[in-house]
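Taking it in order: structure first as structure tokens, then the write-up.
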Amino acid sequence: MKQLRLRNTSDTYFNQAWQLYEDAFPPEERRSLDNQSRIMKNANYNFDVVLNQNQCIGFLLWWDLKNYKYIDHFATSISQRNKGFGKSILEKFIGNTDKTILLEVELPNTIINKRRIKFYERIGFKLNQQYYEIPPSIEGQPSLQLLLMSYPFYLTEKDVEQFVKTCHPILFKHE
């Protein structure tokens, strides 16, 4: 298993990763191809694909912010789930930084959402209880209701508020 950073949408493996992205996330949680192409030009944004035997088996899309590394999107291909790849990808990511790592999850109001939260908790992420909303990526859809998970420790209410108001890539318009 190896990780490769893509710089633009014409890079090898982008189309495989993009197909996985579209399969893994509902429309209200993903950006358009045009927005993705624009974001990939941002120096703080990283589009990492995970390869196994030259096949894209996952990706980790993340922002390197001043005080945090923020995981924007993360997925492994359906055929590779429950084989330990997701855990390995995140553990490697954790091991390569001394910054606090953040990711968002939907509220724990469905079995799938609860399962996703438990997966991250087994790796060491903490579920912060300060709820917030971000606008939908599709006009006319409801806002997304989210919680932050953090590694290696819980955030204070002030930390969450500061991230949402001054650092969040969507709300703060890093995009």
Indicate, with yes or no, if Y45 and Y70 share a hydrophobic cluster defined by side-chain heavy-atom contacts under 4.5 Å among Ile, Leu, Val, Met, Phe, Trp and Tyr. yes

Would a hydrophobic clustering, with Ile, Leu, Val, Met, Phe, Trp and Tyr connected at side-chain separations under 4.5 Å, put I89 with F125? yes

Can [X] and [Y] be counted as having a side-chain donor-acceptor contact under 3.5 angstrom?
{"X": "D34", "Y": "S32", "value": "no"}
{"X": "E161", "Y": "Y132", "value": "no"}
{"X": "Q19", "Y": "D23", "value": "yes"}

Would you find a donor on one side and an acceptor on the other, under 3.5 Å apart, between the side chain of [X] and the backbone of [Y]?
{"X": "N46", "Y": "D48", "answer": "no"}
{"X": "N44", "Y": "W63", "answer": "no"}
{"X": "R81", "Y": "T76", "answer": "yes"}

How close do C167 and L65 get, heavy atom to heavy atom, and via which atoms? O-CD1, 3.8 Å

Carefully, step by step, assess R31 and D72 under the rule salt bridge (Lys or Arg N to Asp or Glu O under 4.0 Å). CA-CA 11 Å; R31 57 182 63 94; D72 190 47; 2.7 Å; yes

Assess whether a salt bridge exists between K118 and E121, defined as any Lys/Arg side-chain N lying under 4.0 Å from an Asp/Glu carboxylate O. yes

Going through the distances and angles, do N128 and L147 end up as a side-chain contact (heavy atoms from CB on, under 4.5 Å)? CA-CA 6 Å; N128 298 280; L147 294 169; over 6 Å; no

Tell me, with the steps shown, if F93 and Y151 meet side-chain contact (heavy atoms from CB on, under 4.5 Å). CA-CA 11 Å; F93 186 75; Y151 181 93; over 6 Å; no

